[in-house]
Amino acid sequence: MAEVYNPKIVEERIKKFWENEHIYKFDPKKSGKVFSIDTPPPTLSGKMHIGHAYSYSQQDFIVRFRRMFDGNVFYPFGTDDNGLPTERMIEKIKNVKSKNMKREEFIELCLKTLKEITPDFIADWKNLGVSCDYELYYSTIDDNSRKLAQKSFLELYKKGFIYKKAFPTLWCPECQTSVAQAELDDKELPSLFSTVRFKCDEKDLLIATTRPELLPACVAVFVHPNDKRYNNIIGEKAQVPLFNYKVPIIADESAQMDKGTGVLMICSYGDKYDAEAINKLKISPRIVLNYDGTLNIGKYKGMKIKDARKKILEDLKNAGLITEQKQITHAVNTHDKCGTEIEFLPTEQWFIRILDKKKDFLKQGNNIKWHPEFMHKRYDNWVNGLEWDWNISRDRHFGVPIPVWECKKCNEIIIANEKEIPIDPSEFKKKCPKCGQLAKGEEKVFDTWMTSSISPQIVYSLSNGRIKLPFSLRPQAHDIIRTWLFYTVVKSLYHENQIPWENTVISGFVTLSGEKMSKSKGNTVSPQEVMEKHSSDALRFWAAGSKLGEDLDYQEKDLIAGKKFETKLFNASNFVFMNLADYKYEKPKKLEKIDELFLKKLNNLVKSCTESFLNYEYSRSKLETEKFFWQMFCDNYLEIVKKRIYSSGGDKKISAQFALYAGLLVILKLIAPIMPFITEEIYQRHFKKIEKDKSIHISKWPSFNKEERTDILDLFIDVLTKVRQEKSIAKKSMKAEIVLILDKDTKNKLKDLLEDLKDVCCAKEIKEGKEFKVEFA
RNA sequence: GGGCGAUUAGGCUAGUGGCAAACCACCUCGUUUACACCGAGGAUUCAGGAGUUCGAUCCUCUUAUCGCCCACCA
């Protein structure tokens, strides 16, 4: 009984081998070109999910190819573990609320928890065979990252790109922090659209709203200047119901006549346009919301927004102030981290100026090569739609502190000295150089993207100057084009006045029965279970099944296909080496014609796969190699040379053995980036003693010549197929003996291959006749 | 409403200006000197319309459906 391939044991062993032998260790001393990767640092949140497995596999295909092709890759690994996502995770697993804890206490808990969970988290990446140099490691909260993030702030501040401003900003009442435009999601939510009775000179002025709780925040009423219904009251005052104060009625074109009643209520602050209008008209705002999303006014004080809305509607109704109500659904902006509806609150925040540089960002985008190209448009689309400068401050605890002090007396801003970073300014006061008073340290921290957007600079610092900026490649998924990718471009432009990387490859998503996977829907697949059940190689094989940027449906049978491929590779390799027992690893004096043709075909495959990989088309390469291996190598070539190997000797046999050895090795190398474990196992078992490279993954990518003609072999296969067809029709065994009749032309073309044709067709004789025919004995 | 993408066999996906493809599933057969599996063969397919072309699944326009991103939040 043949040995069965056991991926569970093999993959574990191979993984340890790579680790112990430091196969993927970056060698700064090695000369020549380095292919450098700005690896995405996954957000530390429990476990790797299938989307990670999908996109990290895809980037690893490319990197593994480059390692073999270019000889040296710089492939670091980091974890993104600060800021809101990390806080939320810690709050969840430790069942705490950061806002209820002392800052130092919470930070300590975060750091301690991270230490506990990080190794297990990274283990998933290693299990998947992602070939990073895990010793080139960073965390976005470690000393070096904090230092570089603060340094980035100091530099940009000095260059005038950073400002602090009190401004109605996007605010999440759940997380109690300001957020950035890029952190907004849309949600379709049901809402009650109520028409409310305002008064103007004792006459009703009807205004429709979904936010009655903002009535006390109303500071003005807009009507369209051309709206005949309201022309006559422009300049007069309207009385706000329930709260009984007067606001001006102003003509403004932003009021659309066909929406609601055509009268628009301006509140501080209902949305961005309210904020702009109030700012433009220099009206003083009426702030009715607290940071925690409760109201601060009258009898509604302390109520949450939704409760206050209910209560106010009730009170309006009781006072007969509602004329109409209908249920609608409308899209609202929510916070992508927690799903809470976003509010606008005036707070002091730090911003990086980006709105005035849109053209430059578009230009930078043009200088990067996008794979696939259409992802570039998404970037342009985002840049064109920017409406806010980048808010980089968050009112939270666990993040990189903002290295500034502010003197309350003279409003002087004191930035940290570059020598003292990383620093937490909230821990002590600093003397104001102007007035000598003690200035208070900033308590806000940076948005996590402030740090991850300098990932190229962070990993550059790990390379001791061996790497050049820009990097060769940034791989990532498409959901963070507007954040990670965009912000990295911003930083590189502002700091180094260049693009961060020459290329970017963007992965798609994983779906299940056509639907996007998400925890809330509960339709997720655990990559850990898939690896356990089907092997990491099979998971990667599946991930190689679609192109860059394309979504892929998860189907278990694809995993089974990968597993079958492993079995086939394993068995074919064993079979080949069974037949190489007496082979002296020498070249034959003369190659048999068919062996030569087979090697030419192999050459063409190498050429095509190399071109595909260079073009980031790993799926094309995988498909071609898979087909070649299964059909050309196993089903045809092995069958063709079997008899020659079994029963002949001398140079004829050596010729076949030579081609088998070379063929299998090349196939293994071509598929090695996709399935690193099994190819390594076979290499170690059979090839290592001859090839000498410590690992197949640091061996040289097969070389190739120009495209070779193989028509004769194709003709040979055609004839073979036809013979098999005849046997199938006749319901005969493939081993049934025949007499084969070929037309003169065909027979002549195949004259050097007739012996092989006889062998593989089990033909007693090949005769020349009028046309193709198979005769059974 | 704007942008982008997709639509290929029963399912999931490749692909090409010139015979439409792999895998799984299905049907028929064969297999014991690699492969409790493997092999051989078979049936079935380019969303609809118009245009460019000798020729379109591929290029252009258009319609429809689906997905993603953005905008809309009175």
Side-chain angles (χ1 to χ4, degrees), chain A residues 1-5 181 184-189 191 193-196 207-211 214 218 221-222 254-256 259-267 270-274 328-333 341-342 372 374-382 384-387 478-479 481-482 508-509 511 513-516 542 545-547 549-558 560-562 564-565 567-579 617 619-620 622-624 626-627 630-631 634-635 638-639 642 646 720-721 723-736:
Chain A
M1 180 103 338
E3 184 192 351
V4 176
Y5 179 64
Q181 184 185 353
L184 300 182
D185 273 344
D186 298 340
K187 238 194 213 170
E188 282 287 331
L189 290 176
S191 181
F193 195 42
S194 315
T195 305
V196 178
I207 301 184
T209 179
T210 54
R211 304 283 316 259
L214 290 182
C218 180
V221 160
F222 280 9
S254 65
Q256 291 174 32
K259 275 202 174 176
T261 60
V263 187
L264 173 62
M265 150 174 124
I266 301 296
C267 301
D271 57 37
K272 189 175 194 292
Y273 300 99
D274 283 356
I328 57 159
T329 345
H330 67 164
V332 292
N333 279 137
E341 289 178 50
I342 288 296
F374 69 79
M375 290 293 180
H376 183 182
K377 299 230 174 82
R378 292 210 192 179
Y379 170 88
D380 285 353
N381 204 15
W382 175 255
N384 282 322
L386 282 172
E387 297 196 52
H478 63 74
D479 55 331
I481 290 176
R482 66 181 187 177
F509 275 142
T511 57
S513 312
E515 280 195 55
K516 196 174 145 183
W542 162 77
S546 88
K547 290 179 293 185
E550 296 290 323
D551 295 346
L552 181 61
D553 210 60
Y554 176 84
Q555 297 208 94
E556 188 152 21
K557 46 185 189 270
D558 292 337
I560 292 165
K564 277 170 74 175
F565 190 79
T567 306
K568 189 86 176 173
L569 256 185
F570 188 75
N571 288 331
S573 302
N574 286 341
F575 178 64
V576 164
F577 279 91
M578 230 166 70
N579 290 302
E617 295 173 308
S619 60
R620 189 184 263 251
K622 173 242 175 195
L623 191 70
E624 277 187 49
E626 182 188 357
K627 263 170 86 172
W630 207 295
Q631 294 166 13
C634 293
D635 296 344
L638 281 179
E639 293 301 325
K642 249 178 193 173
Y646 291 155
L720 173 57
T721 303
V723 170
R724 285 168 170 167
Q725 215 163 348
E726 290 299 322
K727 288 185 179 179
S728 230
I729 290 166
K731 304 196 173 180
K732 296 272 188 186
S733 156
M734 285 302 132
K735 289 192 173 147

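Every chain is numbered from 1, with letters handed out A, B, ... down the list of sequences.
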Rounded distance in Å between the [atom1] positions of [N] and [M]:
{"N": "rC61(B)", "M": "rG11(B)", "atom1": "P", "value": "29 Å"}
{"N": "rA64(B)", "M": "rC26(B)", "atom1": "P", "value": "39 Å"}
{"N": "rC29(B)", "M": "rU62(B)", "atom1": "C1'", "value": "49 Å"}
{"N": "rG15(B)", "M": "rG1(B)", "atom1": "P", "value": "33 Å"}
{"N": "rG2(B)", "M": "rA43(B)", "atom1": "P", "value": "46 Å"}
{"N": "rA6(B)", "M": "rA14(B)", "atom1": "C1'", "value": "15 Å"}
{"N": "rC37(B)", "M": "rC12(B)", "atom1": "C1'", "value": "24 Å"}
{"N": "rU32(B)", "M": "rG18(B)", "atom1": "C1'", "value": "45 Å"}

Exercise. Could you check whether the rings of Y646(A) and F575(A) sit parallel, tilted or perpendicular, using 30° and 60° as the cut-offs?
Key: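 Rings of Y646(A) and F575(A): perpendicular, as their planes differ by over 60°.
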Quiz prompt | Note: K627(A)-E624(A) ion pair, threshold 4.0 Å (strictly below) | solution =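 E624(A) and K627(A): not salt-bridged.
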Practice problem: List for me each residue that meets salt bridge (Lys or Arg N to Asp or Glu O under 4.0 Å) alongside E188(A), sequence neighbours excluded, and say none if there are none. | Solution: none
For [X], which contact category applies under a 4.0 Å heavy-atom criterion: base, sugar-phosphate, or nothing?
{"X": "C267(A)", "answer": "nothing"}
{"X": "T210(A)", "answer": "sugar-phosphate"}
{"X": "M734(A)", "answer": "sugar-phosphate"}
{"X": "A255(A)", "answer": "base"}
{"X": "E624(A)", "answer": "nothing"}
{"X": "Y273(A)", "answer": "sugar-phosphate"}
{"X": "V263(A)", "answer": "base"}
{"X": "Q256(A)", "answer": "base"}
{"X": "K642(A)", "answer": "base"}
{"X": "T195(A)", "answer": "nothing"}

Quiz prompt | RNA chain B: 5'-proximal contact among K377(A) and D635(A) (nearest heavy atom) | solution = K377(A)
Exercise. Report the residue (G260(A) or M578(A)) whose heavy-atom-nearest nucleotide on RNA chain B is the more 5′ of the two.
Key: M578(A)
Can you figure out which of [options] approaches the side chain of [X] most closely?
{"X": "H478(A)", "options": "rU31(B), rC35(B), rC68(B)", "value": "rC68(B)"}
{"X": "E639(A)", "options": "rC23(B), rA34(B), rG2(B)", "value": "rA34(B)"}
{"X": "K731(A)", "options": "rA21(B), rU28(B), rC73(B)", "value": "rU28(B)"}
{"X": "F374(A)", "options": "rC4(B), rC29(B), rU31(B)", "value": "rC4(B)"}
{"X": "K564(A)", "options": "rC24(B), rC73(B), rA71(B)", "value": "rC24(B)"}

Is [X] reaching over with its side chain to a backbone N or O of [Y], donor-acceptor style, under 3.5 angstrom?
{"X": "D274(A)", "Y": "G270(A)", "value": "yes"}
{"X": "S733(A)", "Y": "K735(A)", "value": "yes"}
{"X": "K727(A)", "Y": "M734(A)", "value": "yes"}
{"X": "D558(A)", "Y": "Y554(A)", "value": "no"}

Kindly say if [X] contacts the phosphate of [N], meaning a side-chain N or O under 4.0 Å from OP1 or OP2.
{"X": "K568(A)", "N": "rG39(B)", "result": "yes"}
{"X": "W630(A)", "N": "rG39(B)", "result": "yes"}
{"X": "Q725(A)", "N": "rG42(B)", "result": "yes"}
{"X": "Q181(A)", "N": "rA71(B)", "result": "yes"}
{"X": "Y646(A)", "N": "rA34(B)", "result": "yes"}

Quiz prompt | Distance-only side-chain donor-acceptor flag, N333(A) / D186(A), under 3.5 Å | solution = yes
Could you state the atom-to-atom distance from [atom1] of [X] to [atom2] of [N] in whole Å?
{"X": "K259(A)", "N": "rG1(B)", "atom1": "NZ", "atom2": "C1'", "answer": "11 Å"}
{"X": "F577(A)", "N": "rA34(B)", "atom1": "CZ", "atom2": "P", "answer": "17 Å"}
{"X": "N571(A)", "N": "rC37(B)", "atom1": "CG", "atom2": "P", "answer": "11 Å"}
{"X": "K732(A)", "N": "rU28(B)", "atom1": "NZ", "atom2": "P", "answer": "21 Å"}
{"X": "L264(A)", "N": "rC72(B)", "atom1": "CG", "atom2": "C1'", "answer": "14 Å"}
{"X": "F565(A)", "N": "rC23(B)", "atom1": "CZ", "atom2": "C1'", "answer": "12 Å"}
{"X": "D185(A)", "N": "rC68(B)", "atom1": "CG", "atom2": "P", "answer": "12 Å"}
{"X": "R724(A)", "N": "rG41(B)", "atom1": "CZ", "atom2": "C1'", "answer": "11 Å"}

Exercise. Of all the heavy-atom pairs spanning A572(A) and C634(A), show the shortest one and how long it is.
Key: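 In this case the closest contact between A572(A) and C634(A) is CB-SG, 4.0 Å.
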Quiz prompt | Smallest separation among heavy atoms of M265(A) and C218(A), with atom names | solution = CG-SG, 3.8 Å
Self-check item: Stem list, RNA chain B (Watson-Crick or G-U pairing under 3.5 Å, at least 3 consecutive pairs)
Solution: B:1-7 with B:64-70, B:26-30 with B:38-42, B:47-51 with B:59-63
Quiz item: When you check every protein heavy atom under 4.0 Å of nucleotides 9-15 of chain B, what one-letter string (B, S, -) results, 5' to 3'?
Solution: --SSSSS
Quiz prompt | Atom pair CD (E626(A)) and NZ (K568(A)), whose distance is rounded to the nearest 0.5 Å | solution =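 The CD atom of E626(A) sits 12.0 Å away from the NZ atom of K568(A).
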Self-check item: From CA spacing to verdict: side chain to side chain donor-acceptor pair (under 3.5 Å), D551(A), T511(A)
Solution: CA-CA 7 Å; D551(A) 295 346; T511(A) 57; over 6 Å; no
Exercise. Can you establish whether the number of heavy atoms outside K732(A) located under 6.0 Å from its atom NZ is more than 12?
Key: no
